[in-house]
There are 2 protein chains.
Amino acid sequence: MKSRTTIKDIARALNIHHATVSRALRDHPDVKPETRRLVKEMARKLNYQPNILARNLKMNSTNMIGVIVPEIKHHFFAAVISGIEEVAYQAGYVILVCQSNEQYEREVMNTRALISNKVAGLIVSISQTTQQGEHFRLFQEQGGKIVFFDRVFEEINAPKVVVDDYQGAFEATEHLIRQGRRRIAHIGGTEHISVSLARFRGYRAALEKNGLSFHPDYVVFSGFHESDGQRGMEQLLKLTPRPDALFAVNDPVAVGSYEVIKQAGLKIPDDIAVVGFSNNPISAVVNPPLTTVEQPSYEMGKYAAEILIRMIKSGKDENTESPLVLNTRLIKRASA
Amino acid sequence: MKSRTTIKDIARALNIHHATVSRALRDHPDVKPETRRLVKEMARKLNYQPNILARNLKMNSTNMIGVIVPEIKHHFFAAVISGIEEVAYQAGYVILVCQSNEQYEREVMNTRALISNKVAGLIVSISQTTQQGEHFRLFQEQGGKIVFFDRVFEEINAPKVVVDDYQGAFEATEHLIRQGRRRIAHIGGTEHISVSLARFRGYRAALEKNGLSFHPDYVVFSGFHESDGQRGMEQLLKLTPRPDALFAVNDPVAVGSYEVIKQAGLKIPDDIAVVGFSNNPISAVVNPPLTTVEQPSYEMGKYAAEILIRMIKSGKDENTESPLVLNTRLIKRASA
DNA sequence: GTTAACATTACACACGTGTGCGATAAGGTG
DNA sequence: CACCTTATCGCACACGTGTGTAATGTTAAC
């Protein structure tokens with residue numbers, strides 16, 4: 001990087017002190033309008049661009065927001081990041097994006113790196129393997145603001161943006177029940193993850209409310225990937241009597257189950273009806289089209305960013321007790 | 001942000017000078033192994049985390065890589081970003097991600113913001129509407145390194161990572177020809193974008209090599225989105241004689257054409273065969289499964305990041321004449 | 001004409017880190 | 001013992017900006 005014009009250069013050119021230049025550029029009332037004009041003119045003439053690094057160091061804060069997600073290339077997270085960036089851009093912030101690859105250790109490393117880079121705030125969806133939150137608490141103790149979304153960390157005192165996973169799962173399951181299904185299986189994500197738990201509870205509640213008994217055998221927690229859906233369905237197909245419906249924790253898992261069901265010579269939805277979660281674009285074009293629960297991912301990112309930026313600007317926490325819950329919507333397609 | 005432990009705190013605790021601490025932490029040979037050990041121990045004990053802002057200011061460079069893409073939530077770009085982040089993380093860099101939303105003005109704003117934040121380098125895929133490159137040249141003049149990928153900017157002297165769009169399009173088109181198709185249409189992206197042009201040329205070359213004449217009427221440049229594919233196909237269906245095959249610039253466009261074709265009561269591939277580009281996950285599950293050209297998006301990000309980081313570290317440009325061309329692979333499915 | 005009040009600017013220092021150079025001490029060589 | 005080499009560490013300053021306070025200039029009031 002070549003050296004560039006600084007406020008000292010401007011000061012030298014006008015034969016005044018650089019402190020005056022600094023104030024003039026920030027429209028400080030203590031500096032005479034005339035000199036203010038001169039300074040700004042010279043700044044333009046010399047093509048001055050402030051060194052944000054120096055300002056950040058002095059102010060001990062930045063215009064950067066750190067974002068940590070399990071995997072960027074998953075459509076849901078990509079859409080959330082898209083929403084975050086949109087809001088951040090409008091507010092003059094830039095986003096630092098990291099992926100934990102579902103590994104706790106890497107999430108910690110990411111957090112440390114972002115802290116070192118003095119991000120003004122953090123937007124996080126935790127990894128599957130995260131069960132402790134010291135790295136987040138450390139950041140908060142230093143005055144950093146955090147907002148969680150989707151996979152939130154309950155024990156940390158911070159705003160959380162989620163969809164109504166319980167209600168969405170409840171409706172999805174009830175939809176299956178209304179269609180006469182009685183042996184409804186569930187493939188979950190990872191047991192201690194908030195969304196997994198909420199969706200599982202919604203599933204179970206729908207069963208019980210409708211007088212169906214809950215069988216632990218019909219529930220498998222395998223993960224969030226397509227391959228996890230395959231593994232889960234392989235396990236479920238060994239059961240007798242065989243399930244006649246599946247509520248999957250998300251769309252990739254549901255799609256993963258598709259292949260196993262078809263390979264077993266079974267028909268969707270005749271033999272096994274399937275419902276997913278998240279309205280991934282893939283769900284609309286898969287064969288048969290997948291009934292799923294729409295969750296507003298892009299909006300989720302926007303809300304999270306808006307809350308965080310408000311907190312950064314005000315310096316105050318807000319709404320740390322009850323999460324912001326966005327509504328879901330059941331999208332009925334041919335698979336159920 | 002509350003103040004944190006600095007090297008001065010460590011120095012005070014050990015009753016040595018902070019300069020020695022600085023050197024000890026950076027494994028400078030001038031400091032005794034014993035004190036080096038003591039310093040590191042104390043650093044861990046006090047939970048020291050370096051203030052990168054200060055280091056950046058002193059060094060006049062950062063550990064940040066700026067990434068500008070048209071839209072994050074498109075699977076292709078999300079996958080590339082994923083690859084970039086992976087390599088950057090391993091090398092101790094973090095990535096600043098911006099989206100241009102296909103708008104030139106916003107791309108310029110993004111670039112300026114990233115320059116202000118003193119990113120060490122830039123990885124860019126330009127927007128549809130970008131036809132000038134002063135903002136990139138400005139960055140280079142200040143010593144910044146740029147690597148372009150996919151939608152590259154030809155006029156700028158920088159390494160470029162692309163797939164063999166020409167060859168991929170050629171093979172895709174020839175595949176259609178081998179199946180007896182004669183009136184092969186093409187829906188392109190935006191005419192001045194590098195990938196659009198290369199794919200169009202491959203398409204045209206395949207026609208001409210196989211003795212088919214090229215008809216401008218059969219080519220529409222509409223954009224890269226699904227909706228552009230719909231618009232394009234609506235236009236193509238008005239032609240007589242109707243095309244019997246389509247080579248689309250990418251998978252979303254191909255999928256967009258699906259709907260219009262089906263609504264017109266036509267069958268894929270019987271009436272119109274379709275080939276896409278990029279092997280978007282959606283292409284495998286759409287009905288019928290879409291024949292497409294696989295491009296290694298994740299690897300593209302990794303290569304781009306590797307090249308950029310090498311350039312940053314060495315301070316030298318490399319390979320700015322001929323782009324790094326990754327191979328494509330035709331994936332044959334039911335749609336053609 | 002003196003003084004108070006105010007406007008404007010200069011000075012000095014701080015943020016946390018890195019580095020050239022000098023200071024000190026230890027050890028070796030003649 | 002004198003001298004040089006080497007190892008180790010402290011001192012001072014720098015990066016570019018922001019800010020409290022002192023200093024200077026200007027105006028108004030008595």
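Order of the sequence lines sets the chain letters (A, B, ...), proteins ahead of strands, with each chain counted from 1.
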*Verdict with supporting geometry, A:Tyr303 and A:Phe149, ring pair (Phe, Tyr, Trp, His ring centres under 6.0 Å)*: CA-CA 9 Å; A:Tyr303 282 122; A:Phe149 74 90; over 10 Å; no
Spacing of [X] atom [atom1] relative to [N] atom [atom2], expressed in whole Å:
X        : N      : atom1 : atom2 : result
A:Asp27  : D:dG18 : CG    : P     : 12 Å
A:Lys118 : C:dC15 : NZ    : C1'   : 10 Å
A:Asn51  : D:dA14 : CG    : P     : 17 Å
B:Leu57  : D:dC15 : CG    : P     : 9 Å
A:Leu25  : D:dT17 : CG    : P     : 9 Å
A:Asn56  : D:dC15 : CG    : P     : 19 Å
A:Asn15  : C:dT9  : CG    : P     : 13 Å
B:Lys58  : D:dC13 : NZ    : P     : 13 Å

*Worked verdict on B:His135 versus B:Tyr104 for ring pair (Phe, Tyr, Trp, His ring centres under 6.0 Å)*: CA-CA 10 Å; B:His135 48 307; B:Tyr104 167 72; 5.7 Å; yes
Looking only at the side chains, is there a donor atom on one of [X] and [Y] sitting less than 3.5 Å from an acceptor on the other?
X        : Y        : result
B:Gln140 : B:Asp317 : no
B:Gln99  : A:Glu85  : yes
A:Thr190 : A:Gln128 : yes
A:Asn101 : A:Glu107 : no

*May I ask you to establish whether B:Arg137 and B:Phe153 are in a cation-pi arrangement, using a distance under 6.0 Å from NZ or CZ to the six-membered ring centre and at most 45° from the ring axis?*
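The answer is no; the distance or angle limit is not met.
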*asked:* A cation-pi test, strictly: NZ or CZ of B:Arg106 under 6.0 Å from the centre of the six-membered ring of A:Tyr89 and no more than 45 degrees from its axis. Yes or no?
replied: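 Yes.
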Report, one pair per line, the protein and nucleotides 23-27 of chain C atoms (nitrogen or oxygen only) whose separation is under 3.5 Å.
none

*Taking OP1 and OP2 of D:dG18, is either one under 4.0 Å from a side-chain nitrogen or oxygen of A:Arg55?*
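So the side-chain polar atoms of A:Arg55 do come within 4.0 Å of the phosphate oxygens OP1 or OP2 of D:dG18, strictly under.
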*asked:* So, does A:Tyr48 get its side chain near the phosphate of D:dT17, meaning an N or O under 4.0 Å from OP1 or OP2?
replied: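 For A:Tyr48, the contact criterion (side-chain N or O under 4.0 Å from OP1 or OP2 of D:dT17) is met.
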*What nucleotide among D:dG18, C:dT17, D:dG16 has an atom nearest to a side-chain atom of A:Thr6?*
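Per side-chain heavy atoms of A:Thr6, the pick is D:dG16.
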List, with names and distances, any nitrogen or oxygen atoms from the protein found under 3.5 Å away from nitrogen or oxygen atoms belonging to nucleotides 6-9 of chain D.
from	atom 1	to	atom 2	distance (Å)
D:dC9	OP1	B:Thr35	OG1	3.3
D:dC9	OP2	B:Lys32	N	2.9
D:dC9	OP2	B:Thr35	OG1	3.0

*With distance as the sole test, does A:Asn51 use its side chain to make a donor-acceptor pair with the main-chain N or O of A:Leu53 at under 3.5 Å?*
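Checking the backbone N and O of A:Leu53 against the side chain of A:Asn51, a donor-acceptor pair under 3.5 Å is found.
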*asked:* Applying a 4.0 Å non-hydrogen cut-off, can you work out what B:His28 is touching in the nucleic acid: base, sugar-phosphate, or nothing?
replied: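 If one applies the 4.0 Å heavy-atom cut-off, B:His28 turns out to touch nothing in the nucleic acid.
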